[in-house]
Colleague: 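Structure in structure tokens, see below.
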Amino acid sequence: MALYEHVFLARQDLAQAQVDALAETATKIIEDNKGKVVKTETWGLRSLAYRIAKNRKAHYVMLEIDAPAGVVAELERQTQINEDVIRYMTVKVDELEQGPTVMMRKGQDRERGRGRRDRDDAGGNTGFGGGSE
């Protein structure tokens, strides 16, 4: 079986319970077709780079899947029909990421007050090259 990451964006006006139900529906489709969902992450309501179908924000959900190719085709077919999903993307990967994904780690760094910029500048680095003036 192959490994996949499936990310979908749900409409901004959905409640979190409805978004969780969409993830459960996707999980059921995968498991009914002899696949397995290794991990599910909800990245939350995030701003979009541009408006999609009158939505400025969307609920992001990622599923890590271990399944044959036919399962992905069925999952994408069902996702395409669903009006609550505004975008989706499935990518075949060589291996699944252990622990939280980058999107989840980014939020944890902000909560601790240790964003990338804070860590980089801790040593007195201003970000500019050259010597003193």
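Note that the structure is predicted; figures quoted are calculated from it, not measured. Heavy-atom basis, side chains included; hydrogens, waters and symmetry copies ignored.
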Colleague: Check the hydrophobic clustering (I, L, V, M, F, W, Y; side-chain heavy atoms under 4.5 Å; chains of links allowed) and say if Leu22 and Leu48 are grouped together.
Modeller: no

Colleague: Could you give the distance from CZ (Arg11) to CD1 (Ile52), rounded to the nearest 0.5 Å?
Modeller: 13.5 Å

Colleague: Are Phe8 and Leu14 connected in a single hydrophobic cluster, I mean Ile/Leu/Val/Met/Phe/Trp/Tyr linked by side-chain heavy atoms less than 4.5 Å apart?
Modeller: yes

Colleague: Return each pair, listed once, that meets salt bridge (Lys or Arg N to Asp or Glu O under 4.0 Å) where at least one residue sits in residues 18-28; pairs must be two or more places apart or across chains.
Modeller: Lys28-Asp32

Colleague: Which atoms form the tightest heavy-atom contact between Ala67 and Gly35, and what is the distance?
Modeller: CB-CA, 3.7 Å

Colleague: Taking all atoms of both residues into account, what is the closest heavy-atom pair of Val71 and Asn33, and its distance?
Modeller: CG2-O, 3.0 Å

Colleague: Would you indicate whether the side-chain heavy atoms of Leu45 and Gln12 approach each other to under 4.5 Å?
Modeller: yes

Colleague: Which hydrophobic side chains are connected to Val91, either touching it within the sub-4.5 Å cutoff or through other members that do?
Modeller: Leu3, Val38, Met89, Val93, Leu96

Colleague: I'd like to check the side-chain hydrogen bond (donor to acceptor under 3.5 Å, both in side chains) partners of Glu41; sequence neighbours left out, ordered by chain and number.
Modeller: Trp43, Thr101

Colleague: Other hydrophobic cluster members with Ile81, side-chain heavy atoms of Ile/Leu/Val/Met/Phe/Trp/Tyr under 4.5 Å, chained?
Modeller: none

Colleague: Check for me, please, whether Ile86 and Val7 land in the same ILVMFWY cluster - side-chain distances under 4.5 Å, paths through other members count.
Modeller: yes

Colleague: If hydrophobic clusters are built from ILVMFWY residues whose side chains come within less than 4.5 Å, do Val72 and Ile30 share one?
Modeller: yes

Colleague: With rounding to the nearest 0.5 angstrom, report the CD1 to CG distance, Ile29 to Leu75.
Modeller: 5.5 Å

Colleague: Please list all pairs passing the side chain to side chain donor-acceptor pair (under 3.5 Å) test where one or both residues lie in residues 49-68, with sequence neighbours left out.
Modeller: none

Colleague: Do Val85 and Val61 share a hydrophobic cluster, counting only Ile, Leu, Val, Met, Phe, Trp and Tyr and linking them when any side-chain heavy atoms are less than 4.5 Å apart?
Modeller: yes

Colleague: Between Asn82 and Asp84 (side chain of the first, backbone of the second, donor and acceptor by atom type, cut-off under 3.5 Å), is there such a pair?
Modeller: yes

Colleague: If a pair satisfies side chain to side chain donor-acceptor pair (under 3.5 Å) and one of its residues is in residues 68-80, list it, with sequence neighbours excluded.
Modeller: Glu74-Arg77, Glu74-Gln78, Glu76-Thr90

